[in-house]
> 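What follows is a single structure, and I will ask about it in a moment.
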Amino acid sequence: MVLALVRALKGPSVYDRVLAVNVFGTKTVLLLSVIAFLYGRPDFLDLALAYALVNMVGILAVLNYFQNRSRRKSDSEAEND
């Protein structure tokens, strides 16, 4: 998880950073699932599933934002030419 955080902070591109945050979220879901299994707490699995859904929706929203931002940027450059 530390390596994913390092990649998220130092990533050469936005997409590398988004992927690193997604890896961190996935590992968090796995950690919650293991804790649920070890301590016999099935309610932690509900938390893990909820976190996985929030992680997926968040990553899709961020990627959509950056995709639209790059489109707007290219459209404004085309208008200026």
Side-chain angles (χ1 to χ4, degrees):
M1 291 175 83
V2 172
L3 293 175
L5 282 177
V6 169
R7 176 56 66 188
L9 295 174
K10 290 186 172 184
S13 71
V14 173
Y15 297 107
D16 289 328
R17 291 177 179 178
V18 169
L19 181 63
V21 170
N22 193 16
V23 167
F24 187 82
T26 302
K27 291 205 180 274
T28 302
V29 169
L30 290 173
L31 182 64
L32 280 171
S33 300
V34 168
I35 289 172
F37 176 74
L38 291 177
Y39 290 112
R41 301 278 311 260
D43 50 335
F44 278 16
L45 289 176
D46 294 337
L47 290 174
L49 285 173
Y51 188 78
L53 289 173
V54 169
N55 186 35
M56 182 188 71
V57 170
I59 293 298
L60 290 175
V62 168
L63 287 174
N64 190 20
Y65 170 76
F66 282 114
Q67 183 179 19
N68 288 337
R69 187 178 77 164
S70 66
R71 272 194 204 139
R72 284 191 305 258
K73 189 184 227 184
S74 65
D75 288 345
S76 67
E77 288 174 358
E79 290 175 2
N80 291 335
D81 291 339

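Starting from 1, each residue takes its place in the sequence as its number.
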> List in chain and number order the residues that pass salt bridge (charged side-chain N to carboxylate O under 4.0 Å, His left out) with R41, two or more places apart in sequence or in another chain; answer none if no residue qualifies.
D43

> May I have all residue pairs that pass salt bridge (charged side-chain N to carboxylate O under 4.0 Å, His left out) and include part of residues 53-65, sequence neighbours excluded?
none

> So which residues get pulled into M1's cluster when ILVMFWY side chains under 4.5 Å apart are joined, directly or through others?
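Same cluster as M1: L5, F24.
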
> Share the residues that join V62 in a hydrophobic cluster, the rule being Ile, Leu, Val, Met, Phe, Trp or Tyr side chains under 4.5 Å apart at the heavy-atom level.
V14, Y15, V18, V21, I59, L63, Y65, F66

> Which pair of heavy atoms, one from N55 and one from N22, lies closest together, and at what distance?
ND2-OD1, 3.2 Å

> Apart from V29 itself, which Ile, Leu, Val, Met, Phe, Trp or Tyr residues share its cluster (side-chain heavy atoms under 4.5 Å, direct or through members)?
Y51

> My understanding is that a hydrophobic cluster links ILVMFWY residues whose side chain heavy atoms are under 4.5 Å apart, including indirect links. Using that, what else belongs to the cluster containing L49?
none

> My understanding is that only residues two or more places apart in sequence, or in another chain, count here; which of them pass side chain to side chain contact (heavy atoms under 4.5 Å, CB included) with I35?
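By the side chain to side chain contact (heavy atoms under 4.5 Å, CB included) rule, I35 matches L31, Y39, F44.
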
> Of all residues at least two apart in sequence or in a different chain, which pass the side chain to side chain contact (heavy atoms under 4.5 Å, CB included) check with P12?
R7, D16

> Under the side chain to side chain contact (heavy atoms under 4.5 Å, CB included) test, which residues partner V34, sequence neighbours left out?
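Here the qualifying residues are L38.
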
> Keeping to residues at least two apart or across chains, list the salt bridge (charged side-chain N to carboxylate O under 4.0 Å, His left out) pairs with something in residues 64-74.
none

> Just jot down the side-chain hydrogen bond (donor to acceptor under 3.5 Å, both in side chains) partners of S74, sequence neighbours excluded, or say none.
none

> Grab the two heavy atoms, one from A20 and one from A8, that are nearest each other, plus how far apart they are.
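Closest heavy-atom pair between A20 and A8: CB-N, 3.5 Å.
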
> Report the distance from atom CG of N68 to atom CG of N64, rounding to the nearest 0.5 Å.
4.5 Å

> Using the side-chain hydrogen bond (donor to acceptor under 3.5 Å, both in side chains) criterion, which residues pair with D46? Sequence neighbours excluded.
none

